[in-house]
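Written out below as structure tokens is the structure these notes cover.
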Amino acid sequence: MNRGLGFDEELLPWLEHYTFPAEGKFADLVFARRVYTAFLKRLQAEGTLCFSAFATIHKESTWQLMELAETMGFKAYIGKVNMDRNAPDYLLEDTDRSLADTEELAVRCREALHKVRFIATPRFVPSTTEKLMTGLGRLCETYDLPVQSHLSENRNEVAWVKELHPDLPSYTAVYDTFGLLRPEKTIMPMPSIYQTKKNVYFAIKAFT
């Protein structure tokens with residue numbers, strides 16, 4: 001939806017001005033099905049049959065994407081995004097509801113789907129409270145879930161995380177503290193790594 005938009009913005013303003021408004025539309029299941037169907041058909045046309053995707057905070061539209069991907073023969077990791085702070089009102093989740101919806105999708109996926117797996121998807125540290133990250137870490141342990149999120153995408157984001165978690169030595173350490181760095185089960189785009197030597201030992205492997 002946002003291809004070619006917002007190249008004049010850094011990450012955080014881009015989220016606010018472009019991505020968050022677009023994601024809010026996925027509360028509408030008819031809209032979500034239309035966009036997700038087009039997305040999957042485009043992947044097929046490009047010969048991409050395996051992928052990992054962030055959906056949105058919306059449980060039922062995320063399930064639509066999972067079902068569509070399964071029906072169309074994709075192998076995929078798909079996650080419902082978690083956000084309970086620093087988000088617009090229309091995307092701000094109640095923490096307990098966010099965890100309950102995440103658990104429901106993890107269980108539903110395990111019972112009903114075969115080629116599509118659920119992946120825990122805290123958007124990034126600034127949008128997830130300690131309570132939410134703790135709960136997600138526990139769900140990952142209980143259901144052996146992989147994790148996808150974002151890490152150190154630009155300097156302003158890294159500085160913000162330091163303000164939110166001044167007691168922790170690095171952005172990476174926040175995920176580690178809450179059980180969201182899982183050996184061989186974590187995917188994080190991280191174009192700007194300039195923190196501590198912890199990152200040297202943090203391997204992120206593609207799923208096979």
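Excluded from the calculations below are hydrogen atoms, water molecules and symmetry mates; all remaining heavy atoms, backbone and side chain alike, are included. All values reported here derive from a predicted model rather than from experimental measurement.
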Anything under 30° is parallel, anything over 60° is perpendicular, the rest tilted; go ahead and classify His150 against Phe54.
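Ring orientation of His150 relative to Phe54: tilted.
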
Classify the ring geometry between Phe51 and Phe39 as parallel (under 30°), tilted (30 to 60°) or perpendicular (over 60°).
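Plane angle over 60°, so perpendicular.
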
[Y] backbone acceptor or donor facing [X] side chain under 3.5 Å:
X      : Y      : value
Ser61  : Ala32  : no
Asp101 : Lys59  : no
Glu157 : Glu153 : yes
Thr134 : Phe178 : no
Gln64  : Arg33  : yes

So, are Lys80 and Glu93 salt-bridged, with charged N and O less than 4.0 Å apart?
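The answer is yes: the pair qualifies as a salt bridge.
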
Is a salt bridge present between Arg123 and Glu23, judged by a nitrogen-to-oxygen distance below 4.0 Å?
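Looking at Glu23 together with Arg123, the answer is yes, because their closest N to O distance falls below 4.0 Å.
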
Is there a chain of hydrophobic side chains (I, L, V, M, F, W, Y, each step under 4.5 Å between heavy atoms) that links Leu105 to Leu29?
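Cluster IDs for Leu105 and Leu29 differ.
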
Greater than 12 external heavy atoms within 6.0 Å of Glu60's CD
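Atom CD in Glu60 is packed in, count exceeds 12.
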
Quick check on the 6.0 Å ring-centre criterion: do Phe26 and Tyr36 meet it?
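Yes, the ring centres sit under 6.0 Å apart.
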
For residues 110-122, which residue pairs pass the side-chain hydrogen bond (donor to acceptor under 3.5 Å, both in side chains) check, not counting sequence neighbours?
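Applying side-chain hydrogen bond (donor to acceptor under 3.5 Å, both in side chains) to every pair that reaches into residues 110-122, excluding sequence neighbours, yields Thr121-Gln148.
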
Decide ring pair (Phe, Tyr, Trp, His ring centres under 6.0 Å) for His58 and Tyr90; before the verdict, give the C-alpha distance in whole Å, the side-chain angles of both, and the deciding distance to 0.1 Å.
CA-CA 11 Å; His58 309 99; Tyr90 56 86; 8.9 Å; no

